[in-house]
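What you are looking at is a predicted structure, and each value in this text was computed from that prediction instead of being measured.
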Amino acid sequence: MNIKEYISSGIIESYVLGLALPGDKTEFENLCIQHPEIVSARNDFEIALERQLTAGSLTPPVVVKERLMSVLRSGVSSNDANILSMDNSNQTRNSSPMRWVTAASVILLLGAAYFAYDFYNKNQKLESSQKELQTKVTQMEDDKKWMDEVQTMMSNPNVAVVNLVGTTPAKASANVYWDTTASNVYLVVKNMPQLPNEKQYQLWSLIKGQEGLQPTSMGLFDVGKD
């Protein structure tokens, strides 16, 4: 038998992962007794598999460990637990096939938990990015809608424009757009100093009545940095 071809056939991977057929398992274990290079190749694969699962690993949630320990506890009872000795020699390990099946199941379970947690993190980041993008798109749509309304209002022939110029040294100025048909009033600030937090601006109108000009409050407003 060509040992190199046998090692490269994939039997080692199948045996370690518990996927080999019963006849192949028996043959593999017998050949391990005769050929130390097969044992060495098996050990190398086990180490490589462990490194692959732990490379770039993330700290999984506590619930993953709890579920894993629950599965292990449910599969082992105190009455039939056996003490297994570890042999570091190049000879084959004297262990039953079920032990390898159990080890392979635990490895696959750990690998599945890692990839599931990694996928969950990436999915959460993607959802967060999508929400931020959607928020920006919604804001842009609202801004465009507001600009369209302003453009429509300013081009309306029924809208009268009143220029307001301050009498203080700050030279405050603003424009008032008055829709004479719908009684809507729009205020566009051009240059008005920002007030302290405890103060606000107030817009007044002077309406001519029977008793002369009557001041009427149009409301309070703040002026931001923009």
Between atom [atom1] of [X] and atom [atom2] of [Y], what is the distance when rounded to the nearest 0.5 Å?
X      : Y      : atom1 : atom2 : result
Cys32  : Arg42  : SG    : CZ    : 5.0 Å
Phe28  : Ile38  : CZ    : CD1   : 6.5 Å
Asp148 : Trp146 : CG    : CH2   : 11.0 Å
Glu37  : Lys4   : CD    : NZ    : 9.5 Å
Ser173 : Asn163 : OG    : CG    : 9.0 Å
Gln151 : Ser155 : CD    : OG    : 5.5 Å

**Request:** Evaluate the side-chain contact (heavy atoms from CB on, under 4.5 Å) criterion for residues Tyr15 and Asp24: first the C-alpha distance (whole Å), next the side-chain angles of each, then the deciding distance (0.1 Å), finally the verdict.
**Result:** CA-CA 8 Å; Tyr15 182 86; Asp24 295 335; over 6 Å; no
**Prompt:** Take atom CG in Asn197; do more than 12 heavy atoms of anything else shown fall under 6.0 Å from it?
**Reply:** no
**Message:** Does atom CD (Gln210) have a neighbourhood of more than 12 heavy atoms from anything else shown, all under 6.0 Å?
**Reply:** no
**Message:** So, using side-chain hydrogen bond (donor to acceptor under 3.5 Å, both in side chains) as the criterion, who are the partners of Asp142 when residues are at least two apart?
**Reply:** none
Between [X] (side chain) and [Y] (backbone), is there a donor-acceptor pair under 3.5 Å?
X      : Y      : value
Ser40  : Pro36  : no
Thr180 : Asn158 : yes
Ser128 : Lys125 : no

**Met153-Met147 co-clustered via ILVMFWY side chain contacts under 4.5 Å** = yes
**Message:** Test side-chain contact (heavy atoms from CB on, under 4.5 Å) on Asn175 and Val162; report intermediate values, then the result.
**Reply:** CA-CA 6 Å; Asn175 286 344; Val162 181; over 6 Å; no
**Working for side-chain contact (heavy atoms from CB on, under 4.5 Å), residues Leu195 and Val223** = CA-CA 7 Å; Leu195 298 176; Val223 176; over 6 Å; no
**Request:** Please examine the side chains of Trp178 and Val159, heavy atoms only from C-beta on, and report whether any two atoms are closer than 4.5 Å.
**Result:** no
**Prompt:** Should Asn30 and Gln34 be marked as a side chain to side chain donor-acceptor pair (under 3.5 Å) after you check the CA-CA gap, both sets of side-chain angles, and the distance that decides it?
**Reply:** CA-CA 7 Å; Asn30 291 333; Gln34 305 172 23; over 6 Å; no
**Asked** Can you list every pair that meets ring-ring contact (aromatic ring centres under 6.0 Å, His included) and has a residue in residues 190-215, with sequence neighbours left out?
**Response** Tyr201-Phe221
**Prompt:** What's the verdict on side-chain contact (heavy atoms from CB on, under 4.5 Å) for Ile12 and Ile7, showing C-alpha distance, side-chain angles and the deciding distance?
**Reply:** CA-CA 7 Å; Ile12 294 179; Ile7 292 176; 3.6 Å; yes
**Prompt:** Shortest non-hydrogen contact from Met192 to Val189?
**Reply:** CG-CG1, 3.6 Å
